[in-house]
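Computation of the quantities below employed the complete heavy-atom set of this structure, encompassing side-chain atoms and omitting hydrogens, waters and symmetry-equivalent molecules. We number each residue from 1, following the sequence as shown.
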Amino acid sequence: MTEHIELRGSLAAATLATLFLVAGCGDGSNTGADALAKRNQNVDAVKPPSQSSATTAAVSGKITYDFVPAVASKDQQGRWQAKLDYAKTVQKPARNVVVELIDDKTGKVLLSAETDVQGSYAFQAPLNTAVRVRAKAQMLRTGSAGPSWNFAVRDHSSAGYGVSTNGAALFAMESASFNSGKQASIHDLNAASGWDATKSTYATSRSAGPFAILDTVYNASHKVLEADKNLAFPPLNVFWSPGDTDGTYFGSESGKSNSRGLHILGQADVDTDEYDAGVIAHEWGHYFQASFSRDDSIGGSHGQGDLLDMRLAFSEGWGNSFSSMARNDPMYVDTNGKSQGKRAVVFKVDDIPADDPKAWFSETAVQSVLYRLHQSPDIGFGPIYQAMAAQKTSPAFTSLFSFAAALRGKINAAGQATLDSLLTEVNTINKDNLDMFGSKQASLPASIIAANKDFVLPVYTLVGLQTTAQTAGKESTACNTTAYDAGNNYNKLGVYRYLRFGIAEKGKYRLRIVPDQGLAPYLQLYSKGTALAGDTVKNQLIEDPNHPGTYYANYDLPVQNDYVATLTTVGDAPGCFKLLLTQVK
């Protein structure tokens, strides 16, 4: 695919730049004379050479892209509206992107560097050589010292997509060929939006798209670097293309194991997200969770006002709040529709709408708490990062409880007071009563009617344990509900119940579950986020042939204080379960 964009150069030697796809480029680790050395330095202050040496010619410039802001406003009825405001398009620097000097005759990479925060690059090129400048939609920094990353925007529609990890073609743009000569020369490249204001449509290549996406990734990654300046980020591919309808999410496309990464929508006049920076930063927040924290979310449909499974509520609340942290903007704006002129989703991340539940099972409550913690002068991002990192090996499921418990031990008294105040606002246990399991949570917001209290509390049901030294153990009971799952999404509050138990002696154990008549249990046991395999079949317990209606699973377990499990029913019908864990001789 060959597409053209305007070159904003100081010389007339090159009049057009080309956006193209680099197929089979792997991780982009080309080895020109100064390739890795340049990349691995902190080049946040590139100083373009002002003159050539006796053996080289200075080639420098800036790499920029057209940025179209996603804006929101309220109409006369007080309803949020949103659009991409093309009239306010500005050129922004493409920061930390890979820039290469290409030999025009051989196609060989002569030199490689990364741009600084102003989008500037600089080379000492061989004299009198036909060359061109290539800017990749890739941030690449390697080496053992300092932070490292490999973020690349690749074409979802290319033939290599999903075939191998880096099989999808990488977006890049190039200048036209020019002669390096003997004197210093400047060659700027700008990726244009392609928007035609007179026709209110994209009339030419949307070359800025990949670079706009990558610059949001820059903001997100550098937010995390505030807390850990030498962090090594796992490689991340971002998949996008004009016309892409796969969706915007972090993960893998169904049936394509090599498609794991960020997926960004690109269908003009329907839904594009390359300029919806809040949306991209949200999904990058899920990448952060998968890389440095843990995300126990069960996914599925969710939205304002929903009473959610607490794992989903925390995951989505984190994504929204991190997006605002990274962008330093409490507004979340997602556009869609004709000319990208309609509101898909708009909200202010630090607000909790009056009709939303104020609780640990609401994503709006979670995101408001997290963002305001970040804004607090007594807390900020550093402790939040540490608390998120602590979730990676947390015995409890990831939730507002586990996060807040970890955070409280990492902040001073003033910060703890702020945390306790915010948790009180969302009806969540706090102060010395707070722990990762919410074990002392006894109250519920008004959104939970009294009749449904037993479907929500306790947050974790303690499973009764009978050891070989005991003749009998006391059964415990847990009940679930679909009262808050009108759409049958199986991800709302009360659909899954959480179980908890500890083992003081290594050995074999049998978990017995007796559900209400006609129900079949569905269970998964976990140890610090890792699913444990017993003799269950796809999480469904085995029915005892000698005792119909009684189910069990056998496990070989090491000593551990806190095992947790999820329990629900197979099918739509909710009910109650009697539970007993028995040590087997």
* **From CA spacing to verdict: salt bridge (Lys or Arg N to Asp or Glu O under 4.0 Å), D296, R294** => CA-CA 6 Å; D296 293 336; R294 197 177 82 221; 2.9 Å; yes

* Residue Q76 excluded, over 12 heavy atoms near CD under 6.0 Å -> no

* Geometric class of the F67/Y275 ring pair [parallel <30°, tilted 30-60°, perpendicular >60°] -> perpendicular

* For the pair R206 and E274, find out whether any cationic side-chain nitrogen is under 4.0 Å from an anionic carboxylate oxygen. => yes

* Could you check whether the rings of F288 and W284 sit parallel, tilted or perpendicular, using 30° and 60° as the cut-offs? => parallel

* To do: Name the orientation class of the two ring planes belonging to F233 and W149 (parallel below 30°, tilted from 30 to 60°, perpendicular beyond 60°).
  => tilted

* Given Y371 and F322, is the ring-ring contact (aromatic ring centres under 6.0 Å, His included) satisfied, shown in steps? -> CA-CA 7 Å; Y371 184 71; F322 175 79; over 10 Å; no

* May I ask you to decide if the ring planes of F239 and Y161 are parallel, tilted or perpendicular, using 30° and 60° as cut-offs? => perpendicular

* **Mutual orientation of the aromatic rings belonging to H156 and H263 [parallel < 30°, tilted 30-60°, perpendicular > 60°]** => perpendicular

* Asked: According to the interplanar angle, ranging from 0 to 90°, do the rings of F151 and Y287 count as parallel (below 30°), tilted (30 to 60°) or perpendicular (above 60°)?
  -> perpendicular

* Structure fact -> Rounding to 0.5 Å, atoms CG (N452) and CG (L493) come to a distance of 8.5 Å

* To do: Using a strict 4.0 Å threshold on nitrogen-to-oxygen distance, state whether R500 and D562 make a salt bridge.
  => yes

* Asked: So, R311 and D295, do they make that salt bridge, N to O below 4.0 Å?
  -> no

